[in-house]
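First up is the structure itself, then whatever we jot down about it.
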Amino acid sequence: MGCAPSIHVSHSGVIYCRDSEESNSPHQTTTISQGTTTLHGLFVKTDAADSIPSVLAHQSRQPPPSAGPRRKERRESGGASARSRTPHCCSVEAETQTSSSSAKVLLIFAKEDNQSNGFWWACDRAGYRCNVAWTLESALESANASLKFQNTFSITACYNELVQIEHGEVRSQFKLRACNAVFTALDHCQEAVEITSEDHVIQYVNPAFERMMGYCKGELIGKELTELPKSDKNSADLLDNINTLIKKGKEWQGVYYARRKSGDSIQQHVKITPVVGQGGKIRHFVSLKRLHCTNENNKQVLYFFHVIFIGLSELIFFGLQIFPRSSPSLQTRRYSSMARIHSMTIEAPITKVINIINAAQENSPITVAEALDRVLEILRTTELYSPQLGTKDEDPHTSDLVGGLMNDGLRRLSGNEYVFSKNINLSHTHLPVPNTISDVPPCIAQLLDNEESWDFNIFELEAVTNKRPLVYLGLKVFARFGVSEFLNCSEATLRAWLQVIEANYHSSNSYHNSTHAADVLHATAFFLGKERVKGSLDHLDEVAALIAATIHDVDHPGRTNSFLCNAGSELAVLYNDTAVLESHHTALAFQLTTKDSKYNIFKNIDRNRYRTLRQAIIDMVLATEMTKHFEHVNKFVNSINKPMSEGSDTECTANIKNFPDNQTLIKRMMIKCADVANPCRPLELCIEWAGRISEEYFAQTDEEKRQGLPVVMPVFDRNTCSIPKSQISFIDYFITDMFDAWDAFAHLPVLMQHLANNYKHWKTLDDMKCKSLRLPSENNN
């Protein structure tokens, strides 16, 4: 051709062209021809444009040759390939791109020489994908401009030239070609977009902006923002704060009131981004606006428009980037998976919550989105309601107590198995039992006259009944609530059932015995008598609650779930280390009840009522398991307490009655509070219960040490334990919040006063470094 070396920029890309007569390239090559005229040069296109024909196969780059023979061998191979190749005809063009990262380069030379090698290795250094062809006359047919380039054999000079081409002419051409697509995106996006000059003169608004504000584009273009009506709902200094921030080149984002053409004020979420042009000066402001607190845009894509101007009117680059509405840390999410979750027709409540939070993230600033991301991480854990304790050194009593009550152990030691010999006691007690409630001995009847009072002394009843208070208290309470009538069973059947249940409580346990069951039954009956509780539950709920309280710890071995799991007990194996004791209590109670018609209190009720009653009883007993403590309390607070504080008593009761789930929460909370009500009893009763539970934990620790099992609660060592500290920890961690919530619903001022007095007692002992139940002087008395 005889043309001077040049670099051409065309619609098809960039072509380096030089004339040569022969080909002797060291590279594997591809021949492209059209007619007999050959062209030689360089073609650059972006990685996303796939219009280069398949004959232009990508060449794998190799290190620059360092030895003469190897270089000669490659030249000979390449030359032979080029000379023997049959000419082909094809067209080459590049697609319009908005990005030009990872460019692809086509080198066109007639022969291999230092110049062609320089560009080849320059492409390698720049990271461009390179192909070589030896004839391409058609490549110059579309060229419309050229940049002269001096011959050089320097790889560095070739590399610099390539980089300048890409970052100069190539990208500019691509960006200019993208303008129509960008403005199409602006016209069709859901966000209202407004672009102003640095003097706040409106230069562009999209159709979404026109719809939102009620103006036509012609009414706005060329006007200053100050000429448009303003809403009087914005604070006086808001505009000053916005202007101060954006003039410093910082982005502003927040809620702003705007006045539509009709005069209505609308609340918008606005994001204003300053755009810096040549010389580092702010040339434009881009505002994105959407209606505040609307859901229709939750899943829309947010468009960030980066606009760079060299003057007020000459557009050089208008780039469009599309991101989900989230922080950069959220952009790595697998949105295809999230889309499938959003499209699920059956959603669990937690899935719905996560979806709502995901939608909220899309509308939130980065800081809020990142905070919500942490919320999602928490929600995806399994222990949603269990507070995280500090280190054990900070409060060993709380750590050990909570660990022992709320964990299932699961720390196995091979060869150690704690086996219970299960001999179900179906015999009736040998104590004289009344045929009817009217046959109760006078001393017992006198005590039971006070059973409706919270200050009822269960230990006195225990003493006069020879540690079998459950039958007597049960007959009295069940008669008061009409249990026999509801179940359609005789009083004799009920009495026999109470005897069997009580016979299967272990009187040898210091705490978990039938006296504890009677105490929980008493507390449950007391709570059922409170006005709001009574108005919220049905008769079936009352009967279920009384039965659940009676059976809730039947056959308790005097050891915690953690102990049974660590010991590999039969019960732990049977119930898969999950709610071991609670599952056993309910299962055994129903086994005992249905084993013989003489004490089957359910034999005369229909199947549907029995199933409903049975489910309610099971649910309440399982609620006494401490691993779910915080879950039950938090659900009660959120579903009962909070709505109750916002409405009247009538509305509250109606809502509870209309939603069985709320009734379930109340029953769970009721039996939980009844089960651990000891700190709310009168001081003397509270002290006695504290001594009994401590002794049971001491005995467990002793046995763990004897058997070589993990010690679940090391602080409960009878030689070192501080009972006041353990009670303080128990009240602080479990009792206070739960009874505050229950008191807010049931109104229990007497209990809360006892709780305060008892806590003060334990604090006084602890402050005096006393580890026992009472001061030494009180013990002597």
Side-chain angles (χ1 to χ4, degrees), residues 98-99 171-172 174-231 234 238-239 241-261 266-292 297 300-323 325 365:
T98 57
S99 169
R171 290 195 176 187
S172 296
F174 288 152
K175 291 167 186 176
L176 283 171
R177 256 174 269 148
C179 286
N180 287 336
V182 171
F183 278 110
T184 300
L186 279 169
D187 289 342
H188 289 86
C189 76
Q190 300 295 320
E191 305 286 344
V193 180
E194 175 189 65
I195 301 176
T196 67
S197 68
E198 71 270 32
D199 299 322
H200 303 293
V201 175
I202 299 174
Q203 296 189 329
Y204 173 84
V205 294
N206 68 342
F209 186 95
E210 296 177 84
R211 291 191 297 269
M212 178 184 291
M213 301 304 298
Y215 289 99
C216 295
K217 185 178 298 186
E219 299 176 273
L220 297 173
I221 302 300
K223 283 191 176 182
E224 293 186 13
L225 292 178
T226 54
E227 299 179 44
L228 300 179
K230 299 291 186 297
S231 173
N234 296 308
L238 179 60
L239 287 176
N241 292 337
I242 295 174
N243 285 328
T244 300
L245 195 65
I246 63 177
K247 284 181 179 178
K248 293 179 181 179
K250 297 181 178 180
E251 186 180 84
W252 182 87
Q253 185 171 248
V255 177
Y256 179 83
Y257 284 93
R259 188 179 296 279
R260 302 180 77 251
K261 183 178 180 180
I266 58 174
Q267 194 177 23
Q268 300 173 326
H269 187 280
V270 181
K271 183 176 184 179
I272 304 176
T273 304
V275 180
V276 178
Q278 282 188 338
K281 294 183 179 181
I282 296 174
R283 299 299 185 184
H284 286 77
F285 297 102
V286 178
S287 301
L288 278 74
K289 304 180 180 184
R290 62 178 179 272
L291 292 178
H292 187 58
N297 292 328
Q300 296 294 333
V301 177
L302 180 59
Y303 298 82
F304 291 92
F305 298 95
H306 303 278
V307 188
I308 301 177
F309 293 86
I310 59 171
L312 295 181
S313 58
E314 184 180 1
L315 177 66
I316 290 295
F317 165 57
F318 198 117
L320 171 64
Q321 290 177 287
I322 304 178
F323 298 112
R325 282 197 194 105

Closest heavy-atom pair and its distance - [X], [Y]:
| X | Y | answer |
| --- | --- | --- |
| Asp187 | Tyr204 | OD1-OH, 2.8 Å |
| Tyr215 | Pro229 | OH-CD, 3.4 Å |
| Lys230 | Tyr256 | CD-OH, 3.9 Å |
| Ala208 | Cys189 | CB-O, 3.7 Å |
| His284 | Ser197 | CD2-CA, 3.9 Å |
| Asn206 | Leu186 | ND2-O, 3.0 Å |

Within this structure, what is the [atom1]-[atom2] distance for the pair [X] and [Y], rounded to the nearest 0.5 Å?
| X | Y | atom1 | atom2 | answer |
| --- | --- | --- | --- | --- |
| Ser231 | Gln267 | OG | CD | 9.5 Å |
| Ile246 | Ser287 | CD1 | OG | 7.0 Å |
| Trp252 | Asn241 | CH2 | CG | 9.5 Å |
| Lys217 | Glu210 | NZ | CD | 5.5 Å |

Are [X] and [Y] packed together at the side-chain level, in the sense that at least one heavy-atom pair is separated by less than 4.5 angstrom?
| X | Y | result |
| --- | --- | --- |
| Lys281 | Glu198 | no |
| Leu225 | Glu194 | yes |
| Thr196 | Ile202 | yes |
| Asn243 | His200 | yes |
| Leu288 | Thr273 | no |

Backbone of Glu224 reached by a side-chain donor or acceptor of Asp199 within 3.5 Å:
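No.
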
So, the side chain of Gln203 versus the backbone of Ile195: is there a donor-acceptor pair under 3.5 Å, distance only?
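No, Gln203 side chain to Ile195 backbone: no donor-acceptor pair under 3.5 Å.
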
Start with the C-alpha distance between Met212 and Gln268, add both sets of side-chain angles, then the distance that settles side chain to side chain contact (heavy atoms under 4.5 Å, CB included), and finish with yes or no.
CA-CA 10 Å; Met212 178 184 291; Gln268 300 173 326; 3.0 Å; yes

Qualifying residue, where the test is side-chain contact (heavy atoms from CB on, under 4.5 Å) with Lys289 and the options are Ile272, Val270, Val193, Ile266:
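Only one option passes, and that is Val270.
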
